[in-house]
Amino acid sequence: MFISLLKEQIGSDKVSQSESELYRHSHDESPHQAIEPKVVCFPECSKDIEKILNIAYTHNIPVTAFGIGSGLEGQAIPIQKGISLNFERMNNVVDFSPEDMTITVQPGITRLQLNKLVNRHGLMFPIDPGADATIGGMVATNASGTTAVRYGSIRNQLLDLEVVLADGTVIHTGTHAKKSSSGYHLTGLFAGSEGTLGIISEITIQLHGIPEHTLMARCTFETLEACAEASQTILLSGIPVMRMELVDATSIDQVNTYGGYDYPIKHTLFFEFAGMQAAVKEELKLAKELLHDLGCQDWEVASDPKEQKEVWKSRHELSYAYTHIQGTLDTGADVCVPISRVPEMIVYARKLIEESGLKGGILGHIGDGNFHTIVIFDPKIEGEREKAFYTNEALAIRAIEVGGTCTGEHGVGLGKMQFQEAEHGAAVEIMKKTKQMLDPTGVLNPGKMFR
Amino acid sequence: MELFEELQQVLTPERVTKNETVLAQHSRDESYHTPHLPDVVVFPENAEEVSEVIKLANTYQTPVVPFGLGSSLEGNMIPYEQGIMIDFSLMNKVLEVKAEDFLVTVQPGVTRTQLDKELKKHGLFFSVDPGADATLGGMAATNASGTTSVKYGIMRDNVRDLEVVLADGTIIHTGNLAAKSSSGYHLNGIFVGSEGTLGCFTELTLKVYGIPEHTAAGRAAFNTVHDAVDAVIGILQAGIPVARVELVDEHSMKQINLYSETDYKEVPTLFLEFHGNEAGLQQDVDFTREIVNDYHCQELSFETDTAARNRLWEARHNAAYAYIHGNPGKKQMVTDVCLPISEMAGAIKDAREAIEASGLVGGIVGHVGDGNYHILLMINVNDPTDIEKANEVNERIVDYALIRGGTCTGEHGVGVGKQKYQEREHGAALNVMRKIKTALDPKDLLNPGKVIDLD
């Protein structure tokens with residue numbers, strides 16, 4: 001049996017079938033159905049991964065990678081059981097070069113752990129999806145978040161990946177040089193492949209200098225369109241915002257209820273400006289002028305860290321405010337559209353939520369055209385789940401129609417598989433060929449991304 | 001019917017030619033690599049025609065090679081196996097400027113300066129600047145970059161979507177218009193830099209930027225290359241958003257002074273540029289002054305008015321011509337390694353020693369913010385010993401870079417010149433690349449013999 005083989009080859013302390021472990025590896029943070037793996041492995045080095053994959057390949061056992069379970073589309077759910085690969089014992093820094101502003105880490109290290117290490121050197125890893133996800137998981141889903149307006153997604157920050165392929169071969173997809181025109185760009189291919197093409201065992205990342213100065217601000221508008229248009233004006237003015245977030249009035253209300261706050265129940269824009277002090281001050285001044293010309297209200301600025309936390313609080317506590325509602329689940333869209341289409345898309349999203357009759361809010365990384373809906377449903381009430389999922393579907397289809405994507409940062413997993421043909425057209429065939437070529441027996445995270 | 005007639009039928013007789021002059025124009029690039037004539041050159045006007053041409057290539061089992069402007073440096077499009085050359089010069093329209101989305105959609109034959117002229121009307125610019133006025137199709141094919149990539153990224157970072165005609169004539173889109181996506185596999189990245197070996201680009205959607213409010217350019221003279229590189233590391237670590245930072249070694253400064261009639265100090269020099277708002281720029285300049293002084297900068301001068309700035313950058317951009325001008329009858333062999341910036345000073349020192357040892361004339365210029373530098377080696381292409389010496393220099397510096405985690409090519413691409421280093425640089429990953437090539441182009445019709453050696 002393959003489990004005894006696993007124990008024999010990598011050590012029985014790295015193999016678990018305990019009930020609690022099987023349960024922990026059966027789900028992520030999404031409402032997708034939980035399924036337990038047969039066994040959980042805790043590799044400690046690339047060699048272990050290689051051995052596990054060799055066994056999986058020979059015995060045709062599915063292998064699903066698991067970071068910390070903060071995924072939102074069921075990527076880590078082992079729907080065909082088999083082996084769940086947990087990287088918590090591979091969370092070390094392999095190499096750190098402050099002069100090059102690069103760091104090589106194992107996949108199990110989390111975003112906050114990494115930042116704690118590099119912040120001391122005046123450096124930062126800027127990608128911030130909110131959750132304290134593992135870097136491996138973030139690479140696998142091509143995560144981004146509130147800072148994508150300036151730094152893009154994690155794919156833009158990668159120099160090299162060590163990947164163990166389905167047949168156990170270990171490859172490096174890049175080098176430690178900042179750019180390269182050598183060979184085909186495999187780094188970009190493996191980033192966002194959700195464990196379907198190979199298992200990422202080491203990651204080399206580009207870091208950035210911590211900005212000298214940061215200012216945060218918040219303001220409100222009467223309508224969602226006004227918010228979207230204001231954010232566009234800021235982008236067109238050339239202000240290089242670090243973060244620009246939208247939270248709709250429904251969500252502010254929810255945060256107030258949950259946290260006992262009294263923020264104005266209006267559509268709110270949150271800003272972060274970061275850079276050299278003189279530049280940031282001027283950016284803030286210009287932004288204030290532009291936003292006031294557009295009729296913003298409740299303008300507030302914070303410069304010291306304590307005030308800053310306060311100003312952004314209602315944004316940060318948002319998802320908890322919703323998940324706090326007893327007995328309910330939530331689901332949400334993750335569309336990303338060209339900036340010019342954001343206003344109409346947000347209005348459409350609001351309309352879909354209204355029509356569903358469910359409670360829901362809109363929040364977004366409006367600076368990069370990516371926004372989310374959070375729709376609350378009670379799984380015990382018939383029809384609610386379907387209604388909630390319908391809002392996602394309709395929004396994803398509209399996003400594709402206007403030249404955008406069904407997923408800006410959460411990935412495909414189980415939830416966005418149905419949109420792949422619509423979004424990629426004939427290119428899906430190329431993607432399937434790629435999968436077929438790299439994982440001919442289909443052991444790597446089967447049943448995800450493509451049907 | 002023969003291939004030639006069929007091509008004429010699919011396009012028009014005027015847009016299919018075997019004219020010797022035209023064939024000769026399509027036989028070479030700007031490199032020292034040996035020219036080779038294609039069988040026929042075609043000038044399609046749209047993706048459907050490109051698709052028809054490729055379908056015919058399938059029928060006749062004939063290679064197809066895309067051609068931009070011939071400004072490549074590694075023989076990337078020299079048709080060594082003959083066949084059909086697709087010239088994109090008639091597909092040179094800027095199709096749509098989406099100013100609000102900071103996007104532009106162009107045909108592959110549009111050149112960089114042509115695009116910038118169009119974008120200027122909208123207060124926008126395209127950031128990738130390899131020096132040559134290359135076509136955007138060609139720039140995407142080699143994943144070009146250049147002086148501005150330290151701030152704005154390389155070609156691959158700025159391609160949102162490509163329309164690609166595949167080896168069987170299928171037309172696909174590799175991306176979309178959204179700023180980011182986690183949907184499907186990232187085909188944009190694979191096709192950018194594939195040098196025509198996986199498909200032919202027929203449309204590109206590119207990210208563009210607002211023209212900066214203010215620009216300042218400066219020149220900083222140092223005692224040693226080491227000091228200059230350390231100063232750049234300091235600038236980057238401080239988070240100063242430098243838009244360009246170029247290193248020119250003392251030999252090249254001498255050559256520039258001769259050619260551009262300037263009287264710059266003939267020492268290792270950084271050329272710098274900053275983009276931003278007025279107050280921010282002033283702070284960038286002040287902070288940079290502090291940092292370079294820590295590294296014993298001999299002289300630092302800044303220019304903010306346009307004419308003076310242009311003069312400064314013209315001098316830098318003319319470095320290559322300065323060498324050509326100063327060495328009549330010779331051609332340039334340009335190296336292109338890129339390595340971690342902390343290894344840069346050592347690499348340049350070694351490169352200088354390599355040039356001296358070879359006895360050839362050569363200058364060193366570098367996009368030091370990226371860790372990418374070039375040796376401009378002057379060689380007589382008809383003299384085998386010159387070629388051999390140049391190859392020795394190249395071998396040595398590529399070795400130096402690969403051992404230290406670098407790459408054999410930062411921005412020129414593989415073509416034929418860098419193929420011999422692919423195995424060493426990519427190891428087992430080269431097999432994955434071979435598989436990709438085979439899966440997408442099973443008959444090996446697309447720019448055969450380039451990038452990936454299938455044997």
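Hydrogens, waters and symmetry mates play no part in the numbers below; they use all other heavy atoms, side chains included. Note that the structure is a prediction, hence the values are computed from the model and not measured. Naming convention: chains lettered A, B, ... in sequence-line order (proteins, then strands); numbering from 1 in each chain.
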Are [Y] and [X] an aromatic pair, judged by ring center distance below 6.0 Å?
X: A:H185; Y: A:F190; value: no
X: B:F274; Y: B:F287; value: no
X: A:F419; Y: A:H424; value: no

Under a 4.5 Å heavy-atom cutoff, which of [options] has the most pairs with chain B?
options: A:E423, A:K416, A:H172; answer: A:E423
options: A:G209, A:A279, A:S181; answer: A:S181
options: A:E99, A:R341, A:M431; answer: A:M431
options: A:C336, A:G188, A:G408, A:P211; answer: A:G408
options: A:G369, A:G183, A:G404; answer: A:G183
options: A:S182, A:S144, A:S97; answer: A:S182

Polar side chain donor-acceptor pair, B:D161 to B:N188, under 3.5 angstrom: no

Carboxylate-amine/guanidinium proximity below 4.0 Å for A:K285 and B:E278: no

Using non-hydrogen atoms only, which part of [X] is less than 4.5 Å away from chain A: side chain, backbone, both, or neither?
X: B:H412; value: backbone
X: B:Y209; value: neither
X: B:T142; value: backbone
X: B:R156; value: side chain
X: B:I154; value: side chain
X: B:E425; value: side chain
X: B:L339; value: backbone

Please determine whether salt bridge (Lys or Arg N to Asp or Glu O under 4.0 Å) holds for the pair A:K435 and A:E194, giving the CA-CA distance in whole Å, both sets of side-chain angles, and the decisive distance to 0.1 Å. CA-CA 12 Å; A:K435 166 74 178 171; A:E194 304 184 7; over 6 Å; no

Region of A:N156 that comes under 4.5 Å of a non-hydrogen atom in chain B: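 Side chain of A:N156 only, per the 4.5 Å heavy-atom cut-off to chain B.
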
Contact class of A:M449 relative to chain B, heavy atoms under 4.5 angstrom: side chain

For B:K418, which of B:E411, B:E195, B:E74 qualifies under salt bridge (Lys or Arg N to Asp or Glu O under 4.0 Å)? B:E74

